[in-house]
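What follows is a set of notes on a single structure, which appears directly below.
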Amino acid sequence: MFQLPDLPYDHNALEPYLDARTMELHHGKHHAGYVNNLNKALEQAGVESTDLTTLLANLNDVPEAFRGAVRNNGGQHFNHSLFWQTMSPNGNSEISAELKQAIEHDLGGMDELKKLLLNAAATTFGSGWGWLSLNAGKLEVYGAPNQGNPILDGRGAPLLTVDVWEHAYYLMYQNRRPDFLENWWNLINWKEVSALYTKAK
């Protein structure tokens, strides 16, 4: 059985960029719902799993009748867990020299990464996610619809993500997705992203 992870900070800790009410609903209702529905689907399918990455990478092992529910809810559980983990009240913490060098080499530097990632997220049609991943030894930025992520999409190891489902920002930003993304950039926990990059290598 999978569990809803605790937030690594208080609900109001990301203000003024993300308000407490949004965080309460997003984590306590939306994310919790995905976890509950994932567990229900796995129970009905007779599948036992404690490792989400392995589960998502081997969806063909899940009976076809339940595969969609596991993909949808498992993908959302994974994405949200990483989303919380890679934000911090002390955002824009120090990035490792190794990751900074890779960003400069593969993407043209931090300013270009910001431009690419925020654009990928802003232009994802409907609901989805913006991603930074390490794919075949090279950093990659892309936007994924719905519950898409690099594991499900075959695009390497996930390092950083931003949620552009409306429930992530609508109470505070309404339809101003670009404003939300610009403010989210101030919350990135680069120390955590750097650790994920080192592990992925």
Side-chain angles (χ1 to χ4, degrees), residues 1-44 47-57 59 69-96 99 117 121 127-134 144 146-152 157-173 180-181 183-200:
M1 296 284 285
F2 290 98
Q3 302 289 329
L4 177 69
D6 292 333
L7 287 176
Y9 33 73
D10 293 335
H11 288 116
N12 64 352
L14 303 183
E15 294 180 346
Y17 304 116
L18 275 174
D19 62 293
R21 185 58 177 153
T22 293
M23 293 298 294
E24 289 168 3
L25 292 170
H26 196 175
H27 176 261
K29 299 296 183 183
H30 290 278
H31 190 178
Y34 297 128
V35 174
N36 291 337
N37 288 333
L38 173 61
N39 287 331
K40 186 184 300 182
L42 291 173
E43 184 178 3
Q44 291 173 342
V47 173
E48 293 187 11
S49 178
T50 56
D51 185 86
L52 191 53
T53 301
T54 301
L55 176 65
L56 296 178
L59 278 176
V70 172
R71 176 188 175 90
N72 294 343
N73 292 288
Q76 287 288 69
H77 177 29
F78 180 93
N79 297 358
H80 281 87
S81 297
L82 185 65
F83 183 51
W84 312 134
Q85 181 184 349
T86 52
M87 290 191 294
S88 168
N90 304 309
N92 282 314
S93 54
E94 188 173 348
I95 189 171
S96 70
L99 177 56
L117 183 54
S127 301
W129 301 79
W131 287 98
L132 172 67
S133 66
L134 182 65
N146 302 318
Q147 76 293 323
N149 64 43
I151 299 168
L152 293 171
L159 303 179
L160 174 65
T161 192
V162 57
D163 188 348
V164 288
W165 283 64
E166 285 190 342
H167 63 240
Y169 61 87
Y170 204 84
L171 284 180
M172 187 169 180
Y173 294 94
F180 158 66
L181 291 168
N183 283 334
W184 164 79
W185 184 262
N186 295 299
L187 297 170
I188 298 173
N189 184 348
W190 286 110
K191 183 177 180 181
E192 182 64 31
V193 179
S194 298
L196 291 171
Y197 175 71
T198 300
K199 183 179 178 180

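Just so you know, these numbers come straight off a predicted model, no measurement behind them. Excluded from the calculations below are hydrogen atoms, water molecules and symmetry mates; all remaining heavy atoms, backbone and side chain alike, are included.
By the side chain to side chain contact (heavy atoms under 4.5 Å, CB included) test, Ala157 pairs with Ala200, sequence neighbours left out. With sequence neighbours excluded, the residues forming a side chain to side chain contact (heavy atoms under 4.5 Å, CB included) with Thr86 are Leu82, Leu160, Glu192, Val193, Leu196, listed by chain and number. With sequence neighbours excluded, no residue forms a side-chain hydrogen bond (donor to acceptor under 3.5 Å, both in side chains) with Ser127. Asn183 pairs by the side-chain hydrogen bond (donor to acceptor under 3.5 Å, both in side chains) definition with Tyr173, not counting sequence neighbours. Under the ring-ring contact (aromatic ring centres under 6.0 Å, His included) criterion, Tyr169 pairs with Phe180, sequence neighbours left out. Checked against ring-ring contact (aromatic ring centres under 6.0 Å, His included), His30 has the following partners two or more places apart in sequence or in another chain: His167. Residues meeting the ring-ring contact (aromatic ring centres under 6.0 Å, His included) test with Tyr17, sequence neighbours left out: none. When the side-chain hydrogen bond (donor to acceptor under 3.5 Å, both in side chains) test is applied to Asn73, no partner is found at least two apart in sequence or on another chain. Contacts of Thr198 classified as side chain to side chain contact (heavy atoms under 4.5 Å, CB included), with partners at least two apart in sequence or in another chain: Glu98. Residues passing the side-chain hydrogen bond (donor to acceptor under 3.5 Å, both in side chains) test with Asn72, sequence neighbours excluded: none.
Proximity of Trp185 to Leu117: side-chain heavy atoms (C-beta onward) are separated by under 4.5 Å at one or more points.
A pairwise comparison of heavy atoms in Leu52 and Phe2 identifies N-CE2, 3.8 Å as the closest pair. Minimum heavy-atom separation, Thr161 to Phe83: O-CD1, 3.4 Å. The nearest pair of heavy atoms linking Ala121 to Val164 is O-CG2, 3.7 Å. Counting all heavy atoms, side chain and backbone alike, Pro16 lies closest to Met172 at O-CE, 2.7 Å. Leu14 and Met87 get closest at one heavy-atom pair: CD1-CE, 3.9 Å. Shortest non-hydrogen contact noted between His77 and Val35 is ND1-CG2, 3.5 Å.
Residues Trp165 and Gln147 bring no donor and acceptor atom of their side chains to less than 3.5 Å of each other.
Rounding to the nearest 0.5 Å places CG of Asn186 at 12.5 Å from CG of Asn90. Atom OH in Tyr197 sits 10.0 Å away from atom CD1 in Ile95 (nearest 0.5 Å). A distance of 11.0 Å separates CZ of Arg71 from CD of Gln76, quoted to the nearest 0.5 Å. Rounded to the nearest 0.5 Å, atoms CG (Asn37) and CG (Leu42) are 11.0 Å apart. We find the CH2-CG distance between Trp129 and Asn79 to be 4.5 Å, quoted to the nearest 0.5 Å.
The backbone N or O of His80 lies less than 3.5 Å from no partner atom in the side chain of Asp163, so there is not a single donor-acceptor pair. Between the side chain of Asn39 and the main chain of Met1, no donor-acceptor pair closer than 3.5 Å is present.
For residues 18-33, the set of pairs meeting the salt bridge (Lys or Arg N to Asp or Glu O under 4.0 Å) definition, not counting sequence neighbours, comprises Arg21-Glu24.
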When you look at Val70 and Val47, which way does the side chain to side chain contact (heavy atoms under 4.5 Å, CB included) test go after all the steps?
-> CA-CA 10 Å; Val70 172; Val47 173; over 6 Å; no
What side-chain donor-acceptor pairs closer than 3.5 Å can you find for residues 5-13, not counting sequence neighbours?
residue: Tyr9; atom: OH; partner: Trp84; partner atom: O; Å: 2.9

